[in-house]
S.K.: 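One structure is given below, represented as structure tokens, and several questions about it will come after.
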Amino acid sequence: MPAPNVAASLITRDQIQDRIVEIAGEIERDTPGDGLIHLVCVLKGGFLFLADLVRAMGDRVTLDFMAVSSYGKGTKTSGEVRLLKDLDQSIEGRDVIIVEDIVDTGLTLTYLQEILRARAPRRLRTACLLSKPARRLVDVPVDYIGFNIDDHFVVGYGLDYDEQYRNLPYIAVLGEGGP
Ligand code: IMP
Ligand code: MG
């Protein structure tokens, strides 16, 4: 069990905020016309990313939430994905962007893309704050990636270890004597 030392940041608050402003601009530029952009936040890890992303975007944004199980306690994925909370609104015909905290093995995102694509959105894109390419088990398309990181277990800015540390305003590596 790693020591929960999260005192220092792997990615700082300022780096995160700057990158989110860039991603918000890219999403808007990649969405021609004046149609709505419907952001689907994957709870719980995506909540801060969504909150900052929508505030960096203009008034074309609408949003909704869904929740899936990924990890239980600990730092290893079970490989099983379960839908815990479904969307409130239909996404049929809408321009949808999945907003996720991190792509690790890619299993969760693959599952999400499959179930959302089956609901016939006009367009389906994905934005992830973090990606760990070295850990990928399935090749899943991600349109917007905040930061690629090495194979560390990270916490903060929405990401948890056993439900803790989601409120850190930066990303830290768990148990490395302070990154
Ligand atoms: P995947 O299905 O293996 O891609 O895992 C995706 C989910 O696992 C993410 O949405 C996170 O909730 C969780 N996860 C993966 N890596 C980390 C990490 O380093 N810290 C915290 N949660 C993680
Ligand atoms: Mg997640």
Side-chain angles (χ1 to χ4, degrees), residues 6-68 70-71 85 87-89 91 94-106 108-110 112-113 116 121-136 140-161 163-174 179:
V6 292
S9 54
L10 175 70
I11 305 171
T12 67
R13 189 179 196 151
D14 285 351
Q15 287 174 314
I16 293 169
Q17 296 307 322
D18 289 351
R19 186 71 186 111
I20 287 177
V21 169
E22 288 175 2
I23 291 174
E26 285 173 36
I27 289 172
E28 288 180 323
R29 274 195 300 280
D30 294 348
T31 316
D34 55 5
L36 296 176
I37 306 170
H38 191 59
L39 302 191
V40 166
C41 175
V42 185
L43 295 172
K44 301 173 203 167
F47 82 110
L48 287 181
F49 183 29
L50 177 92
D52 286 333
L53 192 60
V54 293
R55 284 181 291 180
M57 294 175 72
D59 55 13
R60 300 162 70 190
V61 167
T62 57
L63 57 95
D64 203 347
F65 296 91
M66 66 192 302
V68 294
S70 48
Y71 293 96
K85 181 214 174 297
L87 297 171
D88 290 340
Q89 298 165 5
I91 57 166
R94 301 176 88 156
D95 196 330
V96 173
I97 301 190
I98 300 171
V99 178
E100 249 285 39
D101 51 1
I102 187 166
V103 210
D104 186 25
T105 63
T108 306
L109 188 55
T110 300
L112 283 171
Q113 289 182 350
L116 294 184
R122 189 169 63 76
R123 189 176 177 197
L124 183 65
R125 285 175 282 171
T126 301
C128 291
L129 182 70
L130 303 174
S131 174
K132 291 194 249 186
R135 297 251 317 154
R136 208 73 93 245
V140 62
V142 185
D143 305 271
Y144 309 96
I145 292 175
F147 303 90
N148 282 301
I149 61 170
D150 293 335
D151 183 10
H152 304 295
F153 192 83
V154 292
V155 294
Y157 199 76
L159 292 119
D160 73 307
Y161 174 71
E163 293 300 325
Q164 210 182 334
Y165 311 117
R166 292 191 193 276
N167 58 318
L168 288 176
Y170 51 84
I171 301 289
V173 177
L174 190 67

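The residues of the chain are indexed from 1 along the displayed sequence.
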S.K.: Return the set of residues passing side chain to side chain contact (heavy atoms under 4.5 Å, CB included) with Asp34 (not counting sequence neighbours), or none when no residue passes.
M.R.: none
S.K.: Compile the donor-acceptor pairs under 3.5 Å between side chains in residues 45-52 and protein atoms, sequence neighbours left out, one pair per line.
M.R.:
unit_1	atom_1	unit_2	atom_2	d
Asp52	OD1	Arg55	NH2	2.8
Asp52	OD2	Gln17	NE2	3.0
Asp52	OD2	Tyr157	OH	2.5

S.K.: Minimum heavy-atom separation for Arg60 and Pro32, please, with both atom names.
M.R.: NH2-O, 3.8 Å
S.K.: Please find the pair of heavy atoms, one from Thr108 and one from Glu100, that lie closest to each other, and give the distance.
M.R.: CG2-OE2, 3.8 Å
S.K.: Quick one: CZ on Phe147 to CG on Leu130, what's the gap to the nearest 0.5 Å?
M.R.: 7.5 Å
S.K.: With side-chain contact (heavy atoms from CB on, under 4.5 Å) as the test, would you mind laying out the steps for Thr126 and Leu112 before giving the verdict?
M.R.: CA-CA 10 Å; Thr126 301; Leu112 283 171; over 6 Å; no
S.K.: Quick one: CG on Leu63 to CG on Leu87, what's the gap to the nearest 0.5 Å?
M.R.: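 Nearest 0.5 Å value for the CG-CG distance: 11.0 Å.
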S.K.: Please enumerate all residues that pass side chain to side chain donor-acceptor pair (under 3.5 Å) together with Arg123, with sequence neighbours excluded.
M.R.: none
S.K.: Is there a side-chain contact (heavy atoms from CB on, under 4.5 Å) between Ile149 and Ile11 once you walk through the steps?
M.R.: CA-CA 10 Å; Ile149 61 170; Ile11 305 171; 4.0 Å; yes
S.K.: Test of understanding: with side chain to side chain donor-acceptor pair (under 3.5 Å), list the residues that count as partners of Asp14, not counting sequence neighbours.
M.R.: none
S.K.: List in chain and number order the residues that pass salt bridge (Lys or Arg N to Asp or Glu O under 4.0 Å) with Arg125, two or more places apart in sequence or in another chain; answer none if no residue qualifies.
M.R.: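 For Arg125, the residues satisfying salt bridge (Lys or Arg N to Asp or Glu O under 4.0 Å) (neighbours in sequence not counted) are Asp95.
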S.K.: Please identify each residue that fulfils salt bridge (Lys or Arg N to Asp or Glu O under 4.0 Å) with Asp88, with sequence neighbours left out.
M.R.: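 Here the qualifying residues are Lys85.
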S.K.: Taking all atoms of both residues into account, what is the closest heavy-atom pair of Arg136 and Asp104, and its distance?
M.R.: NH1-O, 3.1 Å
S.K.: Identify, with sequence neighbours excluded, every residue that meets salt bridge (Lys or Arg N to Asp or Glu O under 4.0 Å) alongside Glu26.
M.R.: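 Testing Glu26 for salt bridge (Lys or Arg N to Asp or Glu O under 4.0 Å), a comparison that skips the adjacent residues, returns Arg19.
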S.K.: List for me each residue that meets side chain to side chain donor-acceptor pair (under 3.5 Å) alongside Thr110, sequence neighbours excluded, and say none if there are none.
M.R.: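 Testing Thr110 for side chain to side chain donor-acceptor pair (under 3.5 Å), a comparison that skips the adjacent residues, returns none.
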S.K.: Please round to the nearest 0.5 Å and tell me the distance separating atom CD1 of Ile97 and atom CE of Met57.
M.R.: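 CE of Met57 is found 6.0 Å from CD1 of Ile97.
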S.K.: For Val40 versus Leu116, what's the shortest heavy-atom pair and its separation?
M.R.: CG1-CD1, 4.4 Å
S.K.: Show the numbers, then the answer: is there a side-chain contact (heavy atoms from CB on, under 4.5 Å) between Tyr165 and Leu174?
M.R.: CA-CA 10 Å; Tyr165 311 117; Leu174 190 67; 3.9 Å; yes
S.K.: Looking only at atom types and distance, does a side-chain atom of Gln89 sit under 3.5 Å from a main-chain N or O of Asp64, one as donor and one as acceptor?
M.R.: no
S.K.: Are the side chains of Leu129 and Ile171 in contact, using a 4.5 Å heavy-atom criterion?
M.R.: yes
S.K.: Determine, stepwise, if the pair Leu124 / Ile98 fulfils side-chain contact (heavy atoms from CB on, under 4.5 Å).
M.R.: CA-CA 8 Å; Leu124 183 65; Ile98 300 171; 4.0 Å; yes
S.K.: Side chains of Pro141 and Gln113: closer than 4.5 Å at any heavy-atom pair?
M.R.: yes
S.K.: Please list, chain by chain and in numerical order, all residues satisfying salt bridge (Lys or Arg N to Asp or Glu O under 4.0 Å) with Arg13, sequence neighbours excluded.
M.R.: none
S.K.: In Å, rounded to the nearest 0.5 Å, how long is the span from CZ of Arg94 to CG of Leu36?
M.R.: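 The distance works out to 7.0 Å.
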S.K.: According to side chain to side chain contact (heavy atoms under 4.5 Å, CB included), who are the partners of Pro133, at least two apart in sequence or on a separate chain?
M.R.: Ser131, Asn148
S.K.: How close do Ile27 and Thr31 get, counting heavy atoms only, and between which atoms?
M.R.: O-OG1, 2.5 Å
S.K.: Looking at Gln15 and Leu10, what are the two nearest heavy atoms and their distance?
M.R.: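 Minimum heavy-atom separation between Gln15 and Leu10: OE1-O, 4.1 Å.
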